[in-house]
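These numbers come from a predicted model, not from an experiment. Quick note on labels: first sequence line is chain A, next is B, and so on, each numbered from 1.
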There are 2 protein chains.
Amino acid sequence: MSERQPARRTTRQQVAVAEQLRDQTDFVSAQELHSSLKDSGESVGLATVYRILQNMASDGEVDVLRAPDGEAIYRRCSTGHHHHLVCRSCGRAVEVEGPQVERWAAAISAEHGFTDVEHTVEIFGTCADCSAKHS
Amino acid sequence: MSERQPARRTTRQQVAVAEQLRDQTDFVSAQELHSSLKDSGESVGLATVYRILQNMASDGEVDVLRAPDGEAIYRRCSTGHHHHLVCRSCGRAVEVEGPQVERWAAAISAEHGFTDVEHTVEIFGTCADCSAKHS
DNA sequence: CTTTGTGCAAAGGCTTTGCATGCTT
DNA sequence: AAGCATGCAAAGCCTTTGCACAAAG
């Protein structure tokens with residue numbers, strides 16, 4: 001009884017957002033997603049985009065992280081726990097895993113008496129393509 | 001000629017902010033810092049607090065990270081590279097190190113052709129004191 | 001038919017910016 | 001005296017919220 005069954009209704013807007021995310025391999029902000037949808041002819045209100053993304057996030061269907069400027073960016077998340085390597089120039093994201101990091105985080109937390117922990121690992125850099133362009 | 005010498009002028013406000021940070025062991029937001037300063041009788045304009053914090057951050061004198069809600073939080077940073085374990089309830093922060101994580105990040109980045117990388121590792125959890133209170 | 005989701009616009013919170021003044025150098 | 005730093009207030013941006021209407025079950 002701690003498991004909540006949100007029982008959300010299926011709407012055109014939710015489907016549109018989900019599909020738009022399915023086509024995206026990189027992180028996108030709510031605003032970008034909103035624009036893309038408008039361009040696709042599947043217009044959805046901005047507030048609704050935010051609400052849908054929030055729902056998807058709390059249902060664990062998307063990853064949310066914060067860009068350095070504080071904007072929230074979202075991405076359809078594959079199953080399992082992982083982290084991201086994001087190009088700060090073009091936004092390209094690579095999913096990476098690191099068992100060692102998981103273990104380290106768990107150990108450190110336990111050592112300091114922290115419980116109910118969550119960790120975020122974000123690596124921002126310049127990808128090969130972009131550093132080539134800047135030659 | 002790539003090294004910039006900012007040559008900032010020394011002002012009462014900058015000293016006040018620096019000292020306030022020196023007394024803080026936890027991460028604080030610009031707004032909190034602004035309040036603390038007002039309480040200390042060393043009033044500093046909010047915009048100025050933001051400007052000083054930005055300068056200190058780009059000079060590498062403080063760590064900046066984003067709270068889950070997107071607010072920027074700052075902390076005087078000790079020398080060397082490290083990460084933080086932050087209590088999501090009381091804000092208490094513990095500085096931690098993890099050579100393994102550094103190595104992992106470097107390896108992953110290289111493997112994917114990323115250069116000029118920076119990584120952020122944030123562990124949010126509930127510290128022992130806070131979980132005791134919630135009994 | 002009832003309830004939940006959506007749209008629009010307004011409000012909210014954090015941060016930045018413009019401009020005149022004060023203070024450091 | 002010259003120029004950067006500060007303060008205040010206004011503007012900007014992203015995000016959330018209120019309320020009436022539309023749609024799902």
Does [X] place a side-chain N or O at less than 4.0 Å from the phosphate oxygens OP1/OP2 of [N]?
| X | N | answer |
| --- | --- | --- |
| A:T11 | D:dA24 | no |
| B:Q14 | C:dT24 | no |
| B:R12 | D:dG7 | yes |
| B:Y50 | C:dT16 | no |

A:Y74-A:E61 side chain donor-acceptor pair, cut-off 3.5 Å: no
So, B:Q20 and B:H34: side-chain donor and acceptor under 3.5 Å apart, yes or no?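 No, no side-chain donor-acceptor contact under 3.5 Å.
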Determine the contact category for [X]: base if any of its heavy atoms lies under 4.0 Å from a base atom, sugar-phosphate if only primed atoms, P, OP1 or OP2 are that close, otherwise nothing.
| X | result |
| --- | --- |
| A:Q54 | sugar-phosphate |
| A:Q31 | base |
| A:T10 | sugar-phosphate |

When you measure from the side chain of [X], which nucleotide among [options] comes out closest?
| X | options | result |
| --- | --- | --- |
| B:I52 | D:dT6, C:dT6, D:dA9 | D:dT6 |
| B:A72 | C:dT15, C:dG7, D:dT15 | C:dT15 |
| A:E71 | C:dC14, C:dA9, D:dC14 | D:dC14 |

Taking NZ, NE, NH1 and NH2 as the nitrogens, is one of them in B:E122 or B:R66 under 4.0 Å from a carboxylate oxygen of the other? no
Salt bridge or not between B:D63 and B:R76? Use side-chain N to carboxylate O under 4.0 Å.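 Here B:D63 does not pair with B:R76 in a salt bridge, since their nearest N and O are not under 4.0 Å apart.
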Distance criterion of 3.5 Å, no angle test: do you see the side chain of A:R51 paired donor-to-acceptor with the base of C:dG7? yes
Would you kindly compare B:V44 and B:R9 by the position of their nearest DNA chain D nucleotide and give the one closer to the 5′ end?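 Here B:R9 is the residue nearer the 5' end.
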